[in-house]
Trainee: 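Before anything else, here's the structure in question.
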Number of protein chains: 2
Amino acid sequence: MENRTRILECAKDLFYARGYDAVGVQEIADRAGITKPTLYYYFGSKLGLLKAVLEEGLSEFRRMLSQVMDAGLGIQETLYRTAAAYCAFFEKDRKYYMMFMSLFYSARENEAYQAVRPYVMEFYRASVSIFERASGQLGNMRGRQEQFAIGFIGTINHFLLLEFEREEAATGGTPRIGEEQIRSVVGQFMYGIFS
Amino acid sequence: MENRTRILECAKDLFYARGYDAVGVQEIADRAGITKPTLYYYFGSKLGLLKAVLEEGLSEFRRMLSQVMDAGLGIQETLYRTAAAYCAFFEKDRKYYMMFMSLFYSARENEAYQAVRPYVMEFYRASVSIFERASGQLGNMRGRQEQFAIGFIGTINHFLLLEFEREEAATGGTPRIGEEQIRSVVGQFMYGIFS
DNA sequence: CATCTTATATACCGAACGGTATAATGGGGA
DNA sequence: TCCCCATTATACCGTTCGGTATATAAGATG
């Protein structure tokens, strides 16, 4: 099983760095120190490899998210902990997060997008449900749940994108994202920039 | 010059639908009804073609943005008009906007990303400057201009992404984005979701 | 020992990739 | 008329693409 893991790791690194379409199967095999038939033995196709890469890193994130959702907290704390889960996931594996994010926004008819689409919808619906459950605290939302949900995901993703750029620019190590930073971002989302 | 324009148009359509790397030069040429050497005569390389596509649709958007920036308005109205400019640009050419957006988030070492990077930075800096100029109204921002700027761009992009998905799902025509919708999104950004 | 399964490599497939050498075409000016 | 220059096509380049037929090696099982 060691080869399988190494192939997944190398594929993730390359997809992250240059994107699914720009990376050839041969290059992945070379970097993993195996040959193409071995790769195809485990994953069947290039797309199958991508799906395996995607699935691999997601189980823990799912668990963290559902834990937050099931805690029965108010919307403020739910949003904060959700954001914290996203940040923790990002910090645990930046390459995975960034790869996922770029697939999130990739062309609709690209086969790689088709592969991430189910996961995108999964997390989007989870986000929508946060706001639906909180309609008591938010008043009549007149169908704005979706706008809130997408705005929330967008805010987090862009915060992490900025964080990523800053880390790339920084010379030293990568400091952990502070709790107060996350509270600041979520606070900005909830109360606006004048708060 | 008619061929040149048609090549640009077809390239945009295909890059939008399937992404830069997944589209071959041959396919673009076929669709435009010309041959590869003609394409290379005008654009020199595939990357040159992408750069030309990018540059093509941007001049008007630049003009709209700088007009807003030079109006000397308060931050609220500036943000609203900036958002409106983004929305107008989106509505004028959805394919271009979505293509640009997916390039925005694509892998850092992908050559297509290198091509959009300058434009991304251009609009990012413009957004930062909005918040820098408004420090009087926002109080001591302690370096949060960047967070505001990226959050603002993220909010708009995700709103338009949602809009795009809704339009795709809708059966009828695509209604224009209403002024009150834009005000709602910008209001959410400025005053939070409880407003 | 014989056999079956799992895992791996060699060597190859046809097609598509980005790109180009070269020639033909056709209109405008000398 | 002649040539020039912009434009376009034919036919090709070597390389890489995703994928596979087939053989082999190693370990477990009878």
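Sequence lines set the chain letters: A, B, ... in the order given, protein chains first and strands last, and positions in each chain run from 1.
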Trainee: Which whole-number value in Å describes the distance from A:E27 CD to D:dT15 C1'?
Mentor: 14 Å

Trainee: Can you tell which of D:dA9, C:dG18, C:dA11 lies closest to the side chain of B:K46?
Mentor: C:dG18

Trainee: Can A:R6 and A:E9 be counted as an ion pair, charged N to O under 4.0 angstrom?
Mentor: no

Trainee: Looking only at the side chains, is there a donor atom on one of A:E165 and B:Y124 sitting less than 3.5 Å from an acceptor on the other?
Mentor: no

Trainee: Heavy atoms from C-beta onward define the side chain here; which of C:dT8, D:dT8, C:dG19 lies closest to that of B:Y40?
Mentor: C:dG19

Trainee: Quick one: B:Y41 OH to D:dT10 P, roughly how many Å, whole number?
Mentor: 18 Å

Trainee: Are any of the side-chain nitrogens in A:R166 or B:E146 under 4.0 Å away from the carboxylate oxygens of its partner?
Mentor: yes

Trainee: Measure CD1/B:I34 against C1'/C:dT25 and give the value in whole Å, please.
Mentor: 17 Å

Trainee: Minimum heavy-atom separation for B:A134 to B:I75, with atom names?
Mentor: CB-CD1, 3.4 Å

Trainee: Can you tell me if A:K36 touches the phosphate of D:dG19, counting only side-chain N or O atoms and a distance under 4.0 Å to OP1 or OP2?
Mentor: no

Trainee: To the nearest Å, give me how far apart CD (A:Q26) and P (C:dC13) are.
Mentor: 16 Å

Trainee: To the nearest Å, give me how far apart CD (A:E2) and C1' (C:dT8) are.
Mentor: 14 Å

Trainee: Should we say atom CD of A:Q67 is surrounded by more than 12 heavy atoms from elsewhere, each under 6.0 Å from it?
Mentor: no

Trainee: Starting the side chain at C-beta, find the nucleotide from C:dA9, D:dG18, D:dA6 nearest to A:T35.
Mentor: C:dA9

Trainee: Specify the residue among A:G44 and A:A22 whose closest nucleotide of DNA chain D lies further upstream toward the 5′ end.
Mentor: A:A22

Trainee: To the nearest Å, give me how far apart CZ (B:R18) and P (C:dA16) are.
Mentor: 12 Å

Trainee: Between D:dA9, C:dT8, D:dA21, spot the one nearest the side chain of A:P37, thanks.
Mentor: D:dA21

Trainee: What is the separation between atom CG on A:L50 and atom C1' on D:dG18, rounded to the nearest whole Å?
Mentor: 15 Å

Trainee: For the side chain of B:N3, starting at C-beta, report the closest nucleotide among D:dT8, C:dA9, D:dG18.
Mentor: D:dT8

Trainee: Rounded to whole Å, how long is the line connecting atom CZ of B:F43 with atom P of C:dT20?
Mentor: 16 Å

Trainee: Of all the choices, C:dT8, C:dT10, D:dT8, which nucleotide is nearest to the side chain of A:Y42 once you look at every atom?
Mentor: C:dT8

